[in-house]
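Quantities reported herein were computed from a predicted structural model and do not represent experimental measurements. Protein chains get the first letters and strands the later ones, always in sequence-line order, with residue 1 at the start of each.
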Amino acid sequence: MINVTLPDGSKREFADGASPLDVAESISKSLAKKALAARVNGELRDLKRPLDGDATVAIVTDKDADGLELIRHDAAHVLAQAVQALYPDTQVTIGPVIDDGFYYDFARKVPFSTDDFEKIEAKMREIVDADYPIVREVWEKDAAIAEFKRIGEDYKAQIIDDIIPPGEAITLYRQGDWFDLCRGPHLPSTGKLPKAFKLMKMAGAYWRGDSKNEMLQRMYGTAWASEKDLKEHLHRLEEAEKRDHRKLGAQLDLFHLDGMAAAGSVFWHPNGFQIWRQIEAYMRRRLDVSGYQEIKTPQLMDSAQWEKSGHWGKYRENMFIVPDFIPEGDEGVEISVPEDAKLMALKPMNCPAHVEVFKSGQKSYRDLPLRLAEFGCCHRNEPHGAIHGIMRVRQFTQDDAHIFCREDQIVEESIRFCRLLESVYRDFGFEKIAVKLSTRPDVRAGDDATWDRAESGLKAAVDAAGLPCEFLPGEGAFYGPKLEFQLTDAIGRVWQCGTLQLDYVLPERLGAEYTASDGSKQRPVMLHRAILGSMERFIGILIEEFAGAFPMWLAPVQVVVAAISDDAAGQYADEVAAELRKAGLRVEVDRRNETINYKVREHSLAKVPVIAVVGAREAEERKLALRRLGSNGQQIISLDEALVSLADDALPPDLKRAR
RNA sequence: GCCGGCAUAGCUCAGCUGGUAGAGCACCUGAUUUGUAAUCAGGGGGUCACGGGUUCGAGUCCUGUUGCCGGCACCA
C-alpha cells in the first residue's frame, strides 16, 4: 500500500502502482478531468506516472502557475509536431517555455513566413482534436541518439550527446506518430491542451546562442488556459504598444531619430529636453547633498590614453576613432588621412578621464572618499542590430560618478550609494527594482579574501537599502563584483539602468595614488557607479512607465491657460500665465480662434497635467477653472489660491521633502 | 554583425493582376468668438528611401545599397 498525503494534510491509502490520476479520481471526477499533472513530493510529474512509494501529492490544474507552464510546454511540442507534419524538410531543436508563451527553434533551408501561421495553427488544433495520449518513455542514451539520427534529427542527437552523461537514461515523450526528447512532465494527452494559443512572430536565433553557429528559425507563440486569458493578453500587448517610447516620443514631440543623418543618436526637441533638464537638475541636487563634486572631462582623448587604460586593446572595435589632422581645404578633393596622423577617440566611458582628475595635484587620505560626478556624454559604436529607439543608442549621457576610496570605506560607500539609488528610483515612481549581484568569475584578479569582502560588502549595501537581490555567479568583471539595477519597459523587456562596480585594476593601470597617514603612497579603490544609467534610456523607460503622462514636476508643459474667447478672457489668460510663470511654472497660453472643446481635447491628448480654462466669468471674478489630466471635473478656484497650490503640485519630490 | 519583414504627403495609411499618385488628420487662408475631448469652407503639399535593370511604359516586377521594425549575438 501507498500512503498519500494531500495538500490539506489529509491522508489516503492507495494500491501499489497507483498514479496521481488515481489520487485525483478518488477526490472527485471533476478534479480528475481538470488534472494536468501533479506535484509529487514537490516534484512536478506526469499524471499517469505511478508513484514510487509514500508521497505528498498535489494535483495541478490550469489554475496553477505550474499548470500554465505545462500548457505552454505542450503547446511547443504540438507546434513542433504540426510543423514537421506540414513541412517534412524541417528539423526540430529546442522549444522552451518563456514569459507568456513559448518558442521553438527549427532548422530548415526555406524561411518560414508569418503567412504560414494560419496553416500551422490549424494543424495544431487538429492535433489537439485527435487527443493523442502523451506517453513517457525511458531510453538508453546511445539508443536514443541512434534513433534520432535514424530519423534525420541531427540537432536532437547532438543535444543528447552533449547534455546527458554517458550511461544515463533519458526520457522521450510520444504523441501519435511524433516524439521529442524531453525531461517532461507533460499533459496526459494533446486533447488537454486548451486551444487558447497563437503564433506571434518569426525570428532568427543562433544554434545554442552562439553567433559562430548557423542560424535557426525561431517561432514564437503565446498560450493560455482559456480563450479569455488569451484575449486579455493580446489586449495588454496592444495597450503596451501604445506606450512605446518611440511612438509617444513623436506624438508628444519629445525627440526624433534619423537613421540616415545620425544613426543611434537622439535629436531632442524642446519638450523632450525640458524633461531631460528637470531630471538633470533633480540629480544635481541629490548629488550635491550626497557629497559628490561635479566635473567635466574631454570628449576626445588621445589613443595613448586609451592604450594605458586598457580599453584600446579590448574595446577599440566599439570606439569612434578620429584622426588628428587638418584635411585639404578644397571642395571635391578627396580626403586622405596621413599615415603618421595621431589617433584620438571619442570617449566610450568617463572612467579614465576621472582618474586623470584624481591624479592631478596631490591626494591625501584626508580627501577620501572623493566622489567625482559627471553627466558624461559617451559614444559607443554599437552593432547596428542592437540600436533600439532611445534605449540603446550610440551617443548617450551617463549620470556617471567614480568614488575613490580606501578599501575599508567600500562597504560604507556602497551602502550610501544603494540608499541614494533606492530613494531616487522611488522619487521617479519605481517601486519594483530588480537587482543583480554578479560575483567572481573563474578568471579573476585579486585574492579570495578580497573578493569575499567585496561581495559581502555589496550584498550588505543592497540589504541596507531594503532591496531584494539575485545572484549571478561568475558574471562579475575580472577586476571586481558588480551590482546591476534593472527596470522594465512597457512590453516587459528588461534594461540595465543603475550599476555599482568595484575596481582595483584601473587605479593601478593609470597610476592613481594618495598619501596615507603614515606618509606612504597607496592605491585608492575605485567605485564606478551610475543611478539612472543613461539619460536617454532612463527617459525612454519613464515615457513608457507613465505612458507619456508625466507627473507635474517632469511635464514639459505643466499648465495650459486656454481662453474661451479671444477678448477680455484672452487678455486675462495672458495675465494668468504671467503670474503662473512668476510662481515658477512652465506655462503656455492658448488664445487661438478655436472652440474650448477643441482646445481641451488637444491639450489632453498632449498630456498636459493641468488645463486652466478662462472665460468672461473667470476674468470678471479673477478665478480659474482647473481641469486635471485624467479627470472630467473642473475646479473653480481663485487665481491667488491656484498660484500657491499649482506651484506646490509642481515641486520636485526632493524639494517637497525639504519644504 | 546574423535571420526575417518593411520603406508612398509632417503623421496614420489606401493604391487590384505594371498604364507616370489618393484619403483622414496636421499645415495655410477665410468665415465663425466659441463654457470643458474634433465649428465650417477653401487651399498648398509627394524624385513613391536611394542606385541599377526588365519593359513602349515601374510606386507596382528583378537586383544592389541604406535605414527602420521583430528577434538572435553583442552591451566595457
Can you find a side-chain donor-acceptor pair between A/E374 and A/T297 that sits under 3.5 Å? yes
Spacing of the P atoms in B/G18 and B/C28 (rounded, Å): 41 Å
A/Q305 side chain to A/E356 side chain, donor-acceptor N/O pair below 3.5 angstrom: yes
Give one of base, sugar-phosphate or nothing for A/E594, where a contact means two heavy atoms less than 4.0 Å apart. base
Those residues at least two apart in sequence (or on a different chain) that pass side-chain hydrogen bond (donor to acceptor under 3.5 Å, both in side chains) with A/E153 are A/Q84
Toward the 5' end of RNA chain B, which comes first, A/P111 or A/I611, by nearest nucleotide? A/P111
Could you tell me whether the side chains of A/K347 and A/Q299 share a donor-acceptor contact shorter than 3.5 Å? no
Polar side chain donor-acceptor pair, A/T595 to A/N597, under 3.5 angstrom: no
Which nucleotides of nucleotides 66-76 of chain B have their base under 4.0 Å from a protein heavy atom (B), which only their sugar-phosphate (S), and which neither (-), written as one string 5' to 3'? SSSSBBBBBBB
Which part of the nucleic acid, if any, lies within contact of A/A616, taking any heavy atom under 4.0 Å across all strands shown: a base, the sugar-phosphate backbone alone, or nothing? base
Go nucleotide by nucleotide along RNA chain B from the 5' end; which of A/T595 and A/F112 gets its closest nucleotide reached first? A/F112
Please walk me through it: do A/F267 and A/H256 pass ring pair (Phe, Tyr, Trp, His ring centres under 6.0 Å)? CA-CA 5 Å; A/F267 293 83; A/H256 83 266; 4.4 Å; yes
Without decimals, in angstroms, what is the distance between A/Y598 OH and B/A38 P? 11 Å
Interatomic distance at C1', B/G43 relative to B/C48, whole Å: 23 Å
Rounded to whole Å, CG of A/L605 lies from P of B/A26 at a distance of 11 Å
Between the side chains of A/N318 and A/N381, does any donor sit under 3.5 Å from an acceptor? no
Tell me if the side-chain of A/E618 makes a donor-acceptor pair with the base of B/G35, cut-off 3.5 Å, by modelled atom types. yes
Reading 5' to 3' through nucleotides 12-17 of chain B, protein heavy-atom contacts under 4.0 Å coded B for base, S for sugar-phosphate only, - for none: ------
Using a distance-only test with no angle check, is there a side-chain donor-acceptor pair under 3.5 angstrom linking A/Q501 and A/Y479? yes
Need one value for A/N597: base, sugar-phosphate or nothing, where a base atom within 4.0 Å counts as base even if backbone is also close, heavy atoms only. sugar-phosphate
